[in-house]
Amino acid sequence: MKVLISRNIPDTTAVRLMEEGFEVITAEKGKIWTSEELTKTCQNVDFLLHRGGTALDANFFQNCSHLKGIALTSVGYNHVDITAATKACIPISNTPDVLSEATADIALLLMLTVSRKAFFRANQIIRGEWQGLGSTDDLGVELYGKTLGIFGLGRIGLALARRAKVIYGMDIIYYNRHRNVEAEREVDAVYVSFDKLLEKSDVISIHANLSSETKDRFNATAFKKMKKSAIFINTARGKIHNEVDLTEALVNGDIWGAGLDVTNPEPMLPSNPLLSMSNVCVLPHIGSATVETRTKMTLMAVNNLIAVKNGKKMPQVVNAEVYKMK
Ligand SMILES: NC(=O)c1ccc[n+]([C@@H]2O[C@H](COP(=O)([O-])OP(=O)(O)OC[C@H]3O[C@@H](n4cnc5c(N)ncnc54)[C@H](O)[C@@H]3O)[C@@H](O)[C@H]2O)c1
Ligand SMILES: O=C(O)[C@H](O)CO
């Protein structure tokens with residue numbers, strides 16, 4: 001049984017696969033695959049352990065229908081054509097829960113660094129622009145006691161809401177496809193309409209998955225409905241906001257600041273105007289990038305492949321319909 005690991009993972013997890021009798025084929029460090037290359041290399045393997053970057057589209061599944069299972073090392077699977085995978089009868093797994101705390105930390109970090117302009121200020125020191133004492137203009141704002149609006153209150157949204165409630169005494173409002181009773185009970189989250197979320201939030205943090213419904217949801221119309229003092233945070237997917245509209249909203253003063261861990265496209269070009277704004281911080285998609293979390297994610301992915309090899313269902317399967325077809 002051969003497994004292709006499309007992007008480097010912690011050694012311990014590759015070892016775990018070998019212990020289970022898999023023959024492991026690893027990509028060279030940092031490799032970015034074209035679809036053609038990935039499709040070609042997958043002809044000689046039974047399983048794929050895949051991290052975002054290269055989309056797995058209908059064409060991929062047409063040409064790789066021999067694969068027995070694909071384990072993603074991400075919770076998001078918007079880069080995978082799940083319908084095509086199901087049609088090809090290939091189970092796909094993702095990595096929910098284990099990355100929620102690490103990603104919520106990055107959302108909170110962005111809230112803090114943007115509200116206090118900390119990233120911009122630290123860079124002023126690096127550029128030799130610190131002129132003694134603290135700044136008297138272009139001041140930051142505080143989070144304490146303000147209202148956090150969450151768009152997509154699932155696992156990561158709730159992990160952020162807990163932090164915001166406990167550390168900053170923030171009021172939590174949210175907009176979701178369904179009410180989240182656990183969050184309402186635990187952090188007194190209040191369900192509101194999308195427009196109310198825009199109007200009432202001091203900070204809006206995006207935690208929905210990317211879909212045709214959420215793509216471009218934060219556009220010029222949405223930014224104009226937000227408070228002029230609002231901070232926009234996105235650690236979910238860059239395509240949920242429209243980057244041109246976000247830039248204009250910041251330039252025009254429709255909103256106060258923005259913190260992004262995800263951009264559209266990725267990577268963001270260094271010439272992007274957002275990068276020179278004092279009220280913006282952009283990170284290179286590091287939500288889950290800790291030793292602890294990445295280890296848990298890859299172990300989870302590996303366990304899903306082991307399950308398939310042993311004739312069992314993937315514990316974290318996202319297209320459970322495949323098991324009804326077999
Ligand atoms: N920056 C990173 O490194 C990083 C790390 C992990 C996850 N993510 C992103 O975060 C997303 C959320 O992860 P999660 O584990 O919290 O997922 P989740 O499924 O637990 O939560 C997503 C929530 O969004 C809601 N939602 C979906 N579509 C909606 C819509 N149209 N309107 C309103 N609400 C909607 C869902 O009902 C759900 O409650 C992932 O899909 C991924 O894209 C990014
Ligand atoms: O969806 C996810 O899990 C992240 O974006 C990748 O770590």
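We count ligands from 1, going down the list as the structure has it; atoms in each ligand are counted the same way. Owing to the predicted nature of the structure, the values given are computational and were not obtained by experimental measurement. Just so you know, these numbers use all the heavy atoms, side chains as well, and skip hydrogens, waters and symmetry mates.
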Should [X] be counted as touching ligand 1, given the test is an N or O pair under 3.5 Å?
X	result
S100	no
R177	yes
R217	no
G287	yes
D261	yes
R155	yes
Y175	no

Using a heavy-atom cut-off of under 4.0 Å, does the side chain or the backbone of L153 touch ligand 1, or both, or neither?
->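 It is the backbone that gets close, since no side chain atom is under 4.0 Å.
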What part of V75, side chain from CB on, backbone N/CA/C/O, both or neither, has a heavy atom under 4.0 Å from ligand 1?
->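 Near ligand 1, V75 shows its side chain, while the N, CA, C and O stay back.
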Counting non-hydrogen protein atoms only, what is the nearest one to [atom]? Give residue, atom name and distance.
atom	value
atom 4 (C) of ligand 1	T235 O, 3.6 Å
atom 31 (N) of ligand 1	E213 OE1, 3.0 Å
atom 42 (C) of ligand 1	R237 NH1, 3.7 Å
atom 25 (C) of ligand 1	N176 OD1, 3.2 Å
atom 22 (C) of ligand 1	H207 O, 3.4 Å
atom 13 (O) of ligand 1	I156 CD1, 3.4 Å
atom 5 (C) of ligand 1	T103 OG1, 3.3 Å
atom 21 (O) of ligand 1	G154 CA, 3.3 Å

For residues F151 and Y174, establish whether the separation of their ring centroids is below 6.0 Å.
->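 No: the rings miss the under 6.0 Å criterion.
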Proximal ligand 1 atoms for [X], defined as those under 4.0 Å from one of its heavy atoms:
X	result
T214	28 (N), 29 (C), 30 (C), 31 (N)
G152	23 (C), 24 (O), 25 (C), 34 (N)
L99	6 (C)
H285	1 (N), 2 (C), 3 (O)
S288	3 (O)

State whether [X] and [Y] are salt-bridged, where the test is any N-O pair (Lys NZ or Arg NE/NH1/NH2 against Asp/Glu carboxylate O) under 4.0 Å.
X	Y	result
E321	K324	no
R155	E182	no
E292	K296	no
K40	E37	no

May I ask you to establish whether K309 and F47 are in a cation-pi arrangement, using a distance under 6.0 Å from NZ or CZ to the six-membered ring centre and at most 45° from the ring axis?
->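 No - K309 does not lie over the ring of F47 by the 6.0 Å and 45° rule.
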Does one side chain, of E243 or N264, offer a donor that lies under 3.5 Å from an acceptor on the other?
->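 Checked: E243/N264 side chains show no N/O donor-acceptor pair below 3.5 Å.
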Close side-chain approach of [X] and [Y], heavy atoms under 4.5 Å:
X	Y	result
L260	F232	yes
T34	T54	no
L250	F223	no
N123	F120	no
H207	L160	yes

Ligand-protein N/O pairs under 3.5 Å (ligand 2):
{"residue": "ligand 2", "atom": "1 (O)", "partner": "G76", "partner atom": "N", "Å": "2.9"}
{"residue": "ligand 2", "atom": "1 (O)", "partner": "R237", "partner atom": "NH2", "Å": "2.8"}
{"residue": "ligand 2", "atom": "3 (O)", "partner": "V75", "partner atom": "N", "Å": "2.7"}
{"residue": "ligand 2", "atom": "5 (O)", "partner": "R237", "partner atom": "NH1", "Å": "2.8"}
{"residue": "ligand 2", "atom": "5 (O)", "partner": "R237", "partner atom": "NH2", "Å": "3.3"}
{"residue": "ligand 2", "atom": "5 (O)", "partner": "H285", "partner atom": "NE2", "Å": "2.7"}
{"residue": "ligand 2", "atom": "7 (O)", "partner": "R51", "partner atom": "NH2", "Å": "3.4"}
{"residue": "ligand 2", "atom": "7 (O)", "partner": "S288", "partner atom": "OG", "Å": "2.9"}

Verdict with reasoning, V203 to M170, per side chain to side chain contact (heavy atoms under 4.5 Å, CB included) | CA-CA 10 Å; V203 178; M170 294 183 87; 4.1 Å; yes
Checking side chain to side chain contact (heavy atoms under 4.5 Å, CB included) for the pair R237/T214: CA distance, chi angles, key distance, verdict?
-> CA-CA 10 Å; R237 285 290 181 268; T214 59; over 6 Å; no
side-chain hydrogen bond (donor to acceptor under 3.5 Å, both in side chains) partners of H285, counting only residues at least two apart |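 side-chain hydrogen bond (donor to acceptor under 3.5 Å, both in side chains) list for H285, sorted by chain: E266.
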Let me confirm one number: the [atom1]-[atom2] distance from [X] to [Y], rounded to the nearest 0.5 Å.
X	Y	atom1	atom2	result
I70	L72	CD1	CG	7.0 Å
I286	T235	CD1	OG1	11.0 Å
I255	K227	CD1	NZ	13.5 Å

S211 to ligand 1, any heavy atom closer than 4.0 Å |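 Outside the 4.0 Å threshold, so no.
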Determine whether any heavy atom of L210 lies closer than 4.0 Å to an atom of ligand 1.
->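 Contact absent.
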